[in-house]
Engineer: 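Once you've had a glance at the structure underneath, I'll fire off some questions.
Sequential numbering from 1 along the given sequence is applied to the chain's residues.
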Amino acid sequence: MAQPRGRDEDFPEPPRLRRLRVLVSVLILVLIGGVVTVVAALVINLSALTGTERTAITAGALSLPSGEEIVTVGEGRGRLLVVTRDAGGAERLYGFDAASGERVSETRIERD
């Protein structure tokens, strides 16, 4: 009785197909390694962001020139940054010491 054809043992694997199978396996391993590397880099960078310390602003009051409105407020290392705009549209950046509230810098902002 003749055996049915179509079984894998009856047909040897061609060398090109074997080479292709090895290349696909290597590509999968490289892809997995790349994903692991990207995830590790994200975890390391995001964990570094959570370690930053925030200092409280203890200044009782800040003195700004009259007639200027606050546009935005920011915080730096021990500094409070305030951007103001006067009635004429001129903008200024003031830097205040976060502990004492003393004005330490004033910069005029010019836009093109």
Engineer: Can you measure from OG1 (Thr72) to CZ (Arg85) and round to the nearest 0.5 angstrom?
Structural biologist: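 Here the rounded value is 10.5 Å.
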Engineer: My understanding is that only residues two or more places apart in sequence, or in another chain, count here; which of them pass side chain to side chain donor-acceptor pair (under 3.5 Å) with Ser105?
Structural biologist: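 Per chain and number, Ser105 pairs via side chain to side chain donor-acceptor pair (under 3.5 Å) with no residue.
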Engineer: Please identify each residue that fulfils side chain to side chain donor-acceptor pair (under 3.5 Å) with Arg111, with sequence neighbours left out.
Structural biologist: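 So Arg111 forms a side chain to side chain donor-acceptor pair (under 3.5 Å) with Glu91.
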Engineer: Give every residue pair that meets the salt bridge (Lys or Arg N to Asp or Glu O under 4.0 Å) criterion with at least one member in residues 19-41, sequence neighbours excluded.
Structural biologist: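 Every salt bridge (Lys or Arg N to Asp or Glu O under 4.0 Å) pair that includes a residue of residues 19-41, provided the two are not neighbours, is Glu13-Arg21.
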Engineer: Linking Ile, Leu, Val, Met, Phe, Trp and Tyr by side-chain heavy atoms under 4.5 Å, what else ends up with Val83?
Structural biologist: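 Taking Ile, Leu, Val, Met, Phe, Trp and Tyr as members, Val83 shares its hydrophobic cluster with Val71, Leu81, Leu93, Ile109.
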Engineer: How about Glu106: does its CD atom have over 12 heavy atoms from other parts shown lying under 6.0 Å from it?
Structural biologist: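 Counting neighbours around CD of Glu106, more than 12 heavy atoms of other residues, nucleotides or ligands fall under 6.0 Å, so yes.
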Engineer: Please say yes or no: joined through hydrophobic side-chain contacts below 4.5 Å, possibly via intermediate residues, are Val36 and Ile44 part of one cluster?
Structural biologist: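 No; Ile44 is not reachable from Val36 via cluster members.
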Engineer: Would you mind listing the cluster partners of Leu27? Hydrophobic ones only (ILVMFWY), side-chain contacts under 4.5 Å, chaining allowed.
Structural biologist: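 None; Leu27 is a cluster of one.
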Engineer: Measure across Tyr94 and Pro65 and return the closest heavy-atom pair with its distance rounded to 0.1 Å.
Structural biologist: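 Distance-wise, the nearest heavy atoms are OH-CG, 3.3 Å.
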Engineer: Could you list all the salt bridge (Lys or Arg N to Asp or Glu O under 4.0 Å) pairs where at least one residue sits in residues 27-40, not counting sequence neighbours?
Structural biologist: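 Qualifying pairs: none.
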Engineer: Which pair of non-hydrogen atoms, one from Phe96 and one from Leu64, has the smallest distance, and what is that distance?
Structural biologist: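 Scanning both residues completely, I find the closest heavy atoms to be CZ-CD2, 3.6 Å.
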Engineer: Check Arg108 against Ala90 and note the closest heavy-atom contact, atom names and distance.
Structural biologist: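 Nearest pair, atom of Arg108 first, then Ala90: NH1-CB, 3.6 Å.
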